[in-house]
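These notes concern the structure reproduced below.
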Amino acid sequence: MTVVKYSISDDIALIQISNPPVNAISAAVRIELLQTIETLALEKSVKAIVITAPERTFLAGADIKEFGKDIDAPILSEICDKIESLDKVVVASLHGTPLGGGLEVAMSAHYRIAAPNTKVGLPEVLLGILPGAGGTQRLPRLCGVSMALDMMLTGKHVPVREAFENGIVDEIAQDNKSIDNGIAYAKKLIKEGAKIRPTSKIDKKIKNIEEIKSVIIKFKSEALKKYKNLFSPHAIIKSVDEGLSLDFPGAIKNERRLFTECIKSTQREGLIHSFFSERAITKIPELASGKPVELKNIGIIGGGTMGTGISMAAMNAGYNVIMIEQNQGAIDKALEKINSTYERNVKLGRITSDQKQQIMKLFSATIDMKELNNRDLIIEAVFENMEVKKEVFIKLNEICSKNCILASNTSYLDVNEISTVVDNPSRVIGLHFFSPANIMKLLEVVVADKTSEDTVATAFMLAKKMKKVPVRSGVCDGFIGNRILSKYLVGTYHMVEDGASPFHVDKVLREFGCAMGVFQVIDLAGGDIGWATRKRKAPFRHKDDRYVEIADRVCENGWFGQKTSKGYYLYGEGIDFLTPNPEIEVICSSERQRSGIIPKTFSDQEILDRYIAAMVYEGTKILQEKIAVRPSDIDVVYTNGYGFPKWRGGPMKYADMIGLDKILLNIQKFSEADSRFWSPPQLLIDLVDNNKNFDSLN
Ligand code: 3HC
Ligand code: NAI
């Protein structure tokens, strides 16, 4: 298949690259682009070459499926150098998202025109690598070191106007017709007698060495704090820093060396796995035939932590929201929370006060449930209690139109059971948002036995509008995320009763890369929530299950974490972050004594092994029971909702990387002491026996 074609008209050659869907620069693109450039270099009549990639976007970067395999020649860096060294004026005509290698091709052209819809960026850092085709050297020459480093370290997409104002593009076109724009611009340049202008020779913005050194020192010191676990941000700064004291070919060689180191890193493997996993989440059976229903307005029941957050997420997506609460006091409290959140956003300059007013117009609240009669979707976020939820759904069944979708934000409860109280259970679904719901990306879409495909499709459409990351889950206690969380929480308490310090556990997990340790999470969510769940489940606990009472002792003291200023850690003015509550160790010792346990010492590795083993154990069971569609969906849940480091790919990918045989061995070893908690899941045994990994199930 030809992916690169060219035509010549008068003295202008037009190169068109076409590799749908996003014009990724695959081996075929590189081979044909190089051949085309070499051919055109010999065309005496050609004065200017226009590089375009019509269809959806200009080149959106290297084909990242190739990373980790042997990359076929030619490499993109060589092509960029070839383009820049042509003795004809080269114009890149951009539209869509020229990202990564796409922007690097554009920067090796002598001039750039961009359509109004263009956003440029070097997002390689998000994949654990650095721009490897001259990006770390050419971008600073165009826009200066500070902006270039900011772009490369955040991976952000810069809109065309900002790119123009900072010298990354030379012209903004009137419309998005990149072929016509490129040709017209090339004609203009020829007419004006524009010179060949290699970016590598532009030095205006990199001349002031003293100033640049101080910029680099600032970025280096910030990077030490911001990206302490990551490899590629430091490599990016290094490439810019070292490149400035080398000649251009030397700087490109150095960039290549650092790029290759990044490519070999497990961080690259984890982050690219995360990239593709997040794109696989919509590949579910219901979306193949389900048709989303248009939602004009939403009803939210409950104005507590979740109800207010979900309301804001909906309003931010442009939906009109009516909230139902039990009394005026609760309405006032909810309104105050919503208002103050937007007010803070105004103060931080995230929105204007005018925008705040417009958003607030979308909100109203009442105690009268009948007001929900014209709504297209209701999201219930009342107390986590089956009877209370059923009562709400019985009323909704009476009040709402027959087509209205009825969703529950329950964290653990059985959505099938909730759906039994309505006449048409096909419109009942779980929409499990995460706190704070206006910020957190993850949304578990819980599909009950009778939920219709259209209801599922509508939930995914809602998620897209809200800019959430939706993951399909079947019904079980806690769905994907909280079910795994329950398992490793119990496992962690076993460890603590056996002798590990909660603060040691948290430290190990933070060092592993988790956003927080488990006890920090408990303090943040509120220890009372887990306590209520444990009480609910107590009647169903098997008599032989090991039950550690440390958490109950903590709660009996009223220490629920941040909300009570005391939990596993202490909170309040003047108290340092992560100050342990000294009474926790006392509780742990007395509980160990009460249970007749002689405490043992846990190494960092043992703590980590047990944490990972518990996650993978429950993740495997979730796959066995078909609660999750694929292992990578579990990874997406954990990297987007539970602070598991994205650069480790997620728990299932991490398990693949360290080897399932090792995980199984650990589980078998742990099961010798507690076979009820650790009996090895059959699917894990089968995978190991067949020399397969979780990725084989993706
Ligand atoms: N390589 C391979 N496949 C890619 C790809 C890439 N760089 N970018 C996107 N795709 C695939 C996606 O996996 C998806 O495939 P699917 O339909 O089978 O699931 C399809 O293209 C469409 O992608 P999206 O669903 O993400 O489409 P959107 O329209 O939402 O977003 C985009 C488009 C903004 C271009 C987004 O896909 C994106 O950010 N892509 C990655 C861009 C990137 O990181 N570029 C740098 C690559 S590294 C590099 O260039 C190294 C160089 O320095 C040498
Ligand atoms: P919350 O206690 O902060 O708020 C619940 C609100 O519901 C209260 O304001 C209460 O007045 C209101 N309410 C109760 N019955 C009502 C009724 N019949 N009609 C109208 N309003 C009623 O609880 P939170 O934390 O917001 O949790 C709500 C739901 O969301 C629960 O099911 C919980 O499991 C789930 N959830 C909670 C998360 C969290 O981090 N807090 C995360 C994800 C889900």
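Atoms within each ligand, like the ligands themselves, are counted from 1 in listed order. The first residue in the sequence is number 1, and the count goes up from there.
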- Item | Selected option - heavy-atom contact closest to atom 19 (O) of ligand 1, from Arg279, Lys283, Glu124 | Lys283
- Message: Using a plain distance cutoff, I'd like to know if Glu380 has any nitrogen or oxygen under 3.5 Å from a nitrogen or oxygen of ligand 2.
- Response: no
- Interfacing atoms of ligand 2 (cut-off 4.0 Å, heavy-atom, Lys389): 31 (C), 32 (O)
- Just heavy atoms, cut-off under 4.0 Å: does Ala60 contact ligand 1 by side chain, backbone, both, or neither? both
- Message: Going by the closest heavy atom to atom 10 (N) of ligand 1, which one wins out of Ile272, Leu127, Leu271, Val22?
- Response: Val22
- Query: Hey, is atom 15 (O) of ligand 1 under 4.0 Å from any protein heavy atom?
  - Reply: no
- atom 40 (O) of ligand 2: which protein heavy atom is closest, and how many Å away? Ser435 CB, 3.4 Å
- With only distance considered, is Gln326 within less than 3.5 Å of ligand 2 through an N or O on each side? yes
- Within a distance under 4.0 Å of any heavy atom of Phe275, pick out the atoms of ligand 1 and give their elements. 8 (N), 9 (C), 40 (N), 41 (C)
- Item | For Pro123, the ligand 1 atoms whose distance to one of its heavy atoms is below 4.0 Å | 43 (C), 44 (O), 45 (N)
- Query: Counting each atom of ligand 2 from 1 as listed, which ones have a heavy atom of Gly304 under 4.0 Å away?
  - Reply: 3 (O), 4 (O), 6 (C), 9 (O), 26 (O)
- Note on the structure: For Ile324, the ligand 2 atoms with a heavy-atom partner under 4.0 Å come out as 20 (C), 21 (N)
- Looking at Phe259, does the NZ or CZ of Arg257 lie under 6.0 angstrom from its six-membered ring centre and within 45 degrees of the ring axis? no
- Against heavy atoms of Phe276, which atoms of ligand 1 measure under 4.0 Å? 13 (O)
- Message: Looking only at protein heavy atoms, which one is nearest to atom 12 (C) of ligand 2, and what is the separation?
- Response: Glu325 OE2, 3.2 Å
- Message: Quick check on contacts: which atoms of ligand 1 are under 4.0 angstrom from a heavy atom of Pro21?
- Response: 20 (C), 21 (O)
- Does Met306, backbone or side chain, put an N or O under 3.5 Å from an N or O of ligand 2? yes
- Message: With heavy-atom distances below 4.0 Å as the criterion, list the atoms of ligand 2 near Ile301.
- Response: 19 (N), 20 (C)
- Relative to the heavy atoms of His432, which atoms of ligand 2 are at a distance of less than 4.0 Å? 43 (C), 44 (C)
- Item | Protein contact of atom 34 (O) of ligand 2 - nearest heavy atom, named by residue and atom, plus distance | Ser411 OG, 2.6 Å
- Task: Using a cut-off of 6.0 Å, state whether more than 12 heavy atoms not belonging to Lys487 lie near its atom NZ.
- Result: yes
- Thr97, any N or O under 3.5 Å of ligand 1 N or O: no
- Message: Side chains of Glu84 and Ser200 only: does a donor on one sit below 3.5 Å from an acceptor on the other?
- Response: yes
- Item | Whether Trp531 and Phe560 hold their rings parallel, tilted or perpendicular, with breakpoints at 30° and 60° | tilted
- Task: Could you list the atoms of ligand 2 found under 4.0 angstrom from a heavy atom of Val392?
- Result: 18 (N)
- Message: Contact between ligand 2 and Phe434 is defined here as a heavy atom of the residue under 4.0 Å from a ligand atom; is it met?
- Response: no
- Ring geometry between Tyr638 and Tyr488 (parallel below 30°, tilted from 30 to 60°, perpendicular above 60°): perpendicular
- Using a 4.0 Å heavy-atom threshold (strictly under), name the region of Ile64 that reaches ligand 1: side chain, backbone, both or neither. both
- Message: For atom 2 (O) of ligand 2, what's the nearest protein heavy-atom neighbour? Residue, atom name and distance, please.
- Response: Phe383 CE2, 3.5 Å
- Just jot down the ligand 2 atoms closer than 4.0 angstrom to any heavy atom of Gly302, in number order. 7 (O), 12 (C), 21 (N)
- Note on the structure: Contact region, Ile25 to ligand 1, non-hydrogen atoms below 4.0 Å, reads neither
- Heavy atom of protein closer than 4.0 angstrom to atom 51 (C) of ligand 1: yes
- Within 4.0 Å of atom 7 (N) of ligand 1 (strictly less), any protein heavy atom? yes
- Item | N or O contact, Gly132 vs ligand 1, cut-off under 3.5 Å | yes
- Message: Less than 4.0 Å is my threshold; does some heavy atom of Gly135 fall inside it relative to ligand 1?
- Response: no
- Are the ring centres of Phe434 and Tyr642 closer than 6.0 Å? yes
- Message: As an exercise, identify every atom of ligand 2 less than 4.0 angstrom from a heavy atom of Thr305.
- Response: 3 (O), 25 (O), 26 (O)
- Protein heavy atom at shortest distance from atom 31 (C) of ligand 2: Val382 O, 3.2 Å
- Message: Pairing donors with acceptors under 3.5 angstrom, does anything connect the side chains of Ser473 and Glu444?
- Response: no
- Message: Tell me whether Ala381 reaches ligand 2 (any heavy atom closer than 4.0 angstrom to a ligand atom).
- Response: yes
